[in-house]
Chemist: 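Below are the structure tokens for one structure; questions will follow.
Throughout, protein chains are lettered first and strands after them, A, B, ... in sequence-line order, and every chain is numbered starting at 1.
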Amino acid sequence: MAELALRVRSLRKRYPKVLAVDDVDLDVWRGEVFGLLGPNGAGKTTTLEIVEGLTPADGGEVQVLGLDFRQHGREIRSRFGVQLQSTSLYNKITPREALDLYGSYYPKRRPTSELLDLIQLADKADAYHVTLSGGQQQRLAIGLALVNDPELVFLDEPTTGLDPQARRSLWEVVRRMKAEGRTVILTTHYMEEAEALCDRLAIMDHGRILTVGTPLGLIQELKIPSVVELAFDGAAPEAAAFARRLGQPVEVRGGLWEIPSQDPKTLLPQLLDAAEAESVPFQQIHMRRATLEDVFLHRTGRSLRE
Amino acid sequence: MSGAGHMLRRQFVMEWKLYSRDRAAMFWTFFFPVLMLLAFGVIFRSGSGPALTLVVVTAPDGGSVDSGLEAALEHGPLKLLKLSAADAEARWRKGETAAQLDFPSGAPRLRMNSYLAAQGGAAVQIVQQVHLIAEAKSRGIEPSLIPIVMESPGHTRSTNYAAFLLPGLLGLNLLTMGLFSVGMVTVSYREKGKFRRLAVTPLPKLAFLGGQVLHRLTIVVIQSTLLLLVGWLFFGIVNQGSYASFAVVVFLGTACFMAIGFALSSFAQTTEAYAAISNLCFFPMMLLSGVYFTLDSAPRWLQTAVVALPLSPYVKTLRAVFNDGAGLGEHRLGLLLVALWTMAAFSFAVKRFRWS
């Protein structure tokens with residue numbers, strides 16, 4: 001655990017219209033599942049592409065498995081595995097053939113039958129790629145990232161566009177990777193995915209790392225264990241008068257008012273009184289613990305999925 | 001080293017395996033040139049084009065107005081279509097008649113359709129000639145024609161149109177392969193991220209590209225063999241030159257047009273954009289490079305301009321080697337031009353090539 005799988009210092013990348021990666025530092029330890037969490041366009045994919053050796057950086061330092069791409073490109077590539085956001089294979093290649101073919105690129109490889117079992121495609125091993133479902137294609141893409149028995153695996157939004165069941169079966173595959181002792185670095189914009197899978201994560205926005213920590217640690221840092229939500233029929237009304245009477249900030253999001261609280265037990269009666277006095281037409285009231293979504297909201301003032 | 005060789009072989013075998021699953025593409029790649037050769041070879045087998053038609057207006061009773069002239073025309077190369085005055089007029093009005101012989105006031109008159117001037121003009125000249133001969137005979141003069149000797153200068157044995165066409169089709173095949181099969185595939189691989197996926201593996205780029213190039217090369221060999229076989233079986237066309245020279249020219253062409261395909265692919269980010277760019281290059285070359293016909297009657301500037309495009313000197317050289325048994329040295333200039341194009345396109349492609 002003492003060794004670094006990835007070390008990034010002062011990484012910068014500017015595209016003509018946007019500063020995609022702005023002075024990013026990252027340390028990922030061997031054996032951990034590390035997540036890059038952030039909305040679309042936050043710079044997660046660009047960061048990953050630089051680290052994978054696909055895109056040259058404008059400045060900064062990158063060491064993958066203790067090696068530098070400029071001297072050890074071949075070696076790094078044979079020791080890591082990559083699933084890109086859009087991997088298109090030939091239409092008429094079968095999973096078995098694809099795994100065999102990609103396996104042939106590496107000096108060290110896992111048996112195809114073992115991989116097919118791992119990604120649960122044994123019964124589709126000889127079907128053409130075009131005939132596979134989205135979830136099956138995605139599992140194959142992840143299988144291809146594992147053909148060389150890699151020490152480090154990059155997964156770029158592995159579950160985007162999948163239904164909940166397909167997503168959960170992919171989470172299983174990621175947990176297996178960790179159990180096998182691999183380091184996994186993944187990007188996602190699903191907070192529940194980050195919470196479920198990651199040992200540690202970095203929250204990214206506008207090309208910068210805002211904070212790094214364990215999911216629980218980041219939530220606890222907020223010092224607001226709970227959030228009370230008031231739900232309305234249709235859009236939420238103006239909250240200013242209510243917030244003044246309550247003496248607490250109120251966030252308006254979609255059809256909800258959200259009131260973060262350190263002490264929900266005392267907040268609740270005050271809140272009901274204030275609602276009565278202002279005749280707030282709310283329909284439901286929920287109490288929930290704070291999530292990574294709240295961490296992001298707190299750090300950026302914006303929601304993850306805007 | 002054997003590792004890279006193994007990967008190259010693997011890549012090559014896979015390319016063929018996947019290619020063989022695309023039946024439609026395979027069919028058109030291999031049989032389209034053969035079909036073209038068969039179709040055009042048969043249509044123009046006699047050496048002349050299709051027969052010219054002349055409408056001849058009959059007398060009101062259905063007989064001929066000028067039986068002497070008509071009889072003389074029957075022996076000529078024209079196809080006579082005898083119609084009543086009304087029918088002939090209706091056909092003329094529809095614009096289908098190129099040339100018509102009628103007798104509005106008893107004397108013969110020729111009507112020519114300016115829209116179909118090529119056919120009409122030729123038909124009218126033949127009628128004039130037949131008429132003059134008949135006229136001379138009626139005055140007691142026996143006109144003599146200038147003898148015609150049919151020869152095929154510079155061509156030892158291959159004299160039919162199919163023989164002219166075959167090297168042109170071979171050249172056209174190479175152009176199609178380079179622009180569409182190599183260029184289009186490169187753009188689509190880049191667009192769909194296939195290259196990026198390969199770039200994160202330790203597979204040497206050369207092994208991947210080498211597999212692709214070898215695959216296209218074997219396609220060219222099969223295509224050429226098929227064309228030569230059909231040419232030989234159906235039209236008796238055989239290579240008049242040495243097969244070594246022929247192979248050298250075919251391989252040079254393959255290299256040239258593949259390089260052009262790779263170079264062009266760097267101009268387009270999407271397959272749609274590439275389709276437009278490649279068509280812009282393909283059609284002028286196909287139409288103006290002497291694949292189907294010589295450009296001898298085209299304007300001077302066009303003939304000069306076209307020599308600068310690689311397909312024109314290429315087809316000329318290939319034709320000379322294949323049909324006339326020319327040595328490579330005799331067509332140094334053409335080969336040099338093609339080689340220059342190859343080198344320019346290749347260095348440009350290498351410089352501009354991007355995996356993503």
Side-chain angles (χ1 to χ4, degrees), chain A residues 45-46 48-56 64 69 72-94 96-109 126 128-131 137 140-142 144-148 150 152-156, chain B residues 1-27 29 181-182 184-212 214-216 269-271 352-356:
Chain A
T45 297
T46 307
L48 226 54
E49 281 179 349
I50 295 170
V51 166
E52 290 160 355
L54 277 174
T55 304
V64 183
F69 259 103
H72 302 103
R74 272 298 275 289
E75 189 183 342
I76 296 175
R77 288 188 187 95
S78 32
R79 285 169 58 189
F80 73 17
V82 175
Q83 170 254 321
L84 297 171
Q85 222 175 87
S86 59
T87 292
S88 86
L89 280 166
Y90 304 90
N91 287 342
K92 289 196 173 171
I93 198 166
T94 68
R96 191 193 304 282
E97 287 169 342
L99 291 167
D100 278 342
L101 181 69
Y102 276 74
S104 74
Y105 302 156
Y106 294 92
K108 178 179 164 195
R109 56 185 294 195
D126 298 307
Y128 285 154
H129 185 247
V130 273
T131 65
Q137 290 189 357
L140 177 57
I142 286 169
L144 290 175
L146 296 173
V147 285
N148 55 331
L152 170 63
V153 185
F154 291 102
L155 306 174
D156 196 359
Chain B
M1 210 54 242
S2 74
H6 172 75
M7 284 182 208
L8 178 66
R9 209 190 63 220
R10 210 50 222 233
Q11 205 64 33
F12 172 71
V13 170
M14 201 65 207
E15 283 282 337
W16 261 106
K17 207 168 177 178
L18 295 172
Y19 183 66
S20 69
R21 285 177 191 164
D22 197 347
R23 295 283 150 79
M26 223 164 75
F27 176 83
T29 310
S181 178
V182 172
M184 188 60 109
V185 165
T186 306
V187 173
S188 99
Y189 280 14
R190 196 188 301 129
E191 186 183 18
K192 291 182 182 158
K194 278 185 201 165
F195 282 154
R196 292 157 57 77
R197 185 60 187 81
L198 287 173
V200 293
T201 73
L203 175 74
K205 285 172 195 181
L206 277 178
F208 174 74
L209 288 179
Q212 297 240 311
L214 271 186
H215 171 241
R216 307 293 190 271
Q269 288 300 317
T270 63
T271 44
R352 296 254 321 202
F353 191 79
R354 297 277 179 277
W355 286 105
S356 56

Chemist: Does any heavy atom of chain A fall under 4.5 Å from the side chain of E191(B), the backbone, both, or neither of them?
Modeler: neither
Chemist: Can you tell which part of F80(A) gets under 4.5 Å to a heavy atom of chain B, answering side chain, backbone, both or neither?
Modeler: side chain
Chemist: So, using salt bridge (charged side-chain N to carboxylate O under 4.0 Å, His left out) as the criterion, who are the partners of R79(A) when residues are at least two apart?
Modeler: E75(A), E151(A)
Chemist: Restricting to salt bridge (charged side-chain N to carboxylate O under 4.0 Å, His left out), what partner residues turn up for R21(B), sequence neighbours left out?
Modeler: E97(A)
Chemist: Relative to the ring of F208(B), is the ring of Y189(B) parallel (under 30°), tilted (30 to 60°) or perpendicular (over 60°)?
Modeler: tilted
Chemist: For R96(A) and D126(A), indicate whether the former's side chain and the latter's backbone hold a donor-acceptor pair under 3.5 Å.
Modeler: no
Chemist: For N91(A), is it the side chain, the backbone, both or neither that has a heavy atom under 4.5 Å from a heavy atom of chain B?
Modeler: neither
